[in-house]
Amino acid sequence: MLKLNSVTVNYGKYSAVRQIDIEVSEGEIVVLLGANGAGKTTTFKTISGLLKPTGGTVNFEGAPINGKSPDRIVQAGIVQCAEDRKLFPQMSVQQNLMMGGYIHRSKKTQLKESLKEVYELFPILYDKRDESARLLSGGQQQMLAIGRALMAKPKLMLLDEPSIGLAPLVVEQMFTSIQHINKDGTTILLAEQNANAALSIADKGYVFENGRIVIEGTSEELFSNDEIRKAYIGA
Ligand code: ATP
């Protein structure tokens, strides 16, 4: 479904991502692991069209998307949910969700159906639909960010550090919700520092170090890799 082939991304002369190859098949949950600054967010921004690769190609469903505008990439079916959530704090929960459905502007029934699905997934958002987004807890704001991304009915969702800043119990709920979203038919590419939680729901993963992919494998392989356990799982 998504294929990055030898992708390099520079900020000026600095290569933040170097010749990476990533493959995500339809229906999978794939995780990018790595320390702060290893290149995960840069990779996401490149897939979603916010950054242009200096080298290599990004293909989605068989067609190149590198060089396309972020808007065209959303239309193609890839939606990014950013690390900093980027909510509209003064707007209500429901208004925030409606902003995510803008690509279905002309189809009211589609919007209604998407909204219903998001509220079924996160009932707390329905209870708080008229409250300002800024009044939500961290976990609820993350649900809202994910819910807003879902409103666009993506084929592939990019989730950048959904567990950041959340209490352990909330992290667990968040990962269960991500599994539900995946089972409902959305392919997921996830960047996480919480390797334990991420690998427990992922099919496979890639480990970034200084802009390069140094290890890749199925979740089972990564779980049983001593280096990974020491660096990211702490066992
Ligand atoms: P984090 O979890 O902190 O976002 P990351 O793995 O996503 O980490 P990136 O944000 O992709 O890492 O950063 C990769 C490298 O590129 C880092 O060395 C970072 O300092 C650098 N970098 C990121 N954004 C810019 C920018 N706008 N200009 C210059 N360098 C940048």
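Just so you know, ligand 1 is whichever comes first in the structure, and atom 1 is the first atom listed for that ligand. Remember, it's a predicted structure, so these values are computed and weren't measured experimentally.
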Polar contacts were defined as any N/O atom of the residue lying under 3.5 Å from an N/O atom of the ligand; does this apply to Ala16 and ligand 1? no
Under 4.0 angstrom from ligand 1, any heavy atom of Gly34? no
Mark yes or no for whether Ser219, through its side chain, and Ala202, through its backbone, hold a donor-acceptor pair below 3.5 Å. yes
Pairing of Lys153 and Glu117 as salt bridge, 4.0 angstrom limit: yes
Enumerated ligand 1 atoms positioned under 4.0 Å from heavy atoms of Thr42: 9 (P), 11 (O), 13 (O), 14 (C)
Using a distance-only test with no angle check, is there a side-chain donor-acceptor pair under 3.5 angstrom linking Glu23 and Tyr206? no
Counting each atom of ligand 1 from 1 as listed, which ones have a heavy atom of Asn36 under 4.0 Å away? 1 (P), 2 (O), 3 (O), 8 (O)
Out of Ile164, Val17, Thr41, whose heavy atom sits nearest atom 7 (O) of ligand 1? Thr41
Is Pro53 close to Thr46 at the side-chain level, that is, under 4.5 Å between some pair of heavy atoms? yes
Just to be sure I read this right, does ligand 1 sit under 4.0 Å from the backbone of Phe208, its side chain, both, or neither, counting only heavy atoms? neither
Ignoring hydrogens and geometry, is there a side-chain-to-backbone donor-acceptor pair from Asp203 to Ile29 under 3.5 Å? yes
Heavy atoms from other residues, nucleotides or ligands near CD of Glu61 exceed 12 (cutoff 6.0 Å): yes
Within a distance under 4.0 Å of any heavy atom of Glu161, pick out the atoms of ligand 1 and give their elements. 2 (O)
Go through Gln80 and Leu50 one step at a time and tell me if the side-chain contact (heavy atoms from CB on, under 4.5 Å) criterion holds. CA-CA 10 Å; Gln80 176 166 2; Leu50 296 168; 4.2 Å; yes
Proximity winner for atom 8 (O) of ligand 1, if only heavy atoms of Gly37, Gly211, Gly12 are counted: Gly37
Just jot down the ligand 1 atoms closer than 4.0 angstrom to any heavy atom of Ala35, in number order. 6 (O)
Identify, by atom number and element, the atoms of ligand 1 in contact range of Ala38, meaning under 4.0 Å from any of its heavy atoms. 5 (P), 6 (O), 12 (O)
Is there any N or O on Lys40 that sits under 3.5 Å from an N or O of ligand 1? yes
Could you tell me which non-hydrogen atom of Lys128 sits nearest to which non-hydrogen atom of Leu136, and how far apart they are? CD-CD2, 3.6 Å
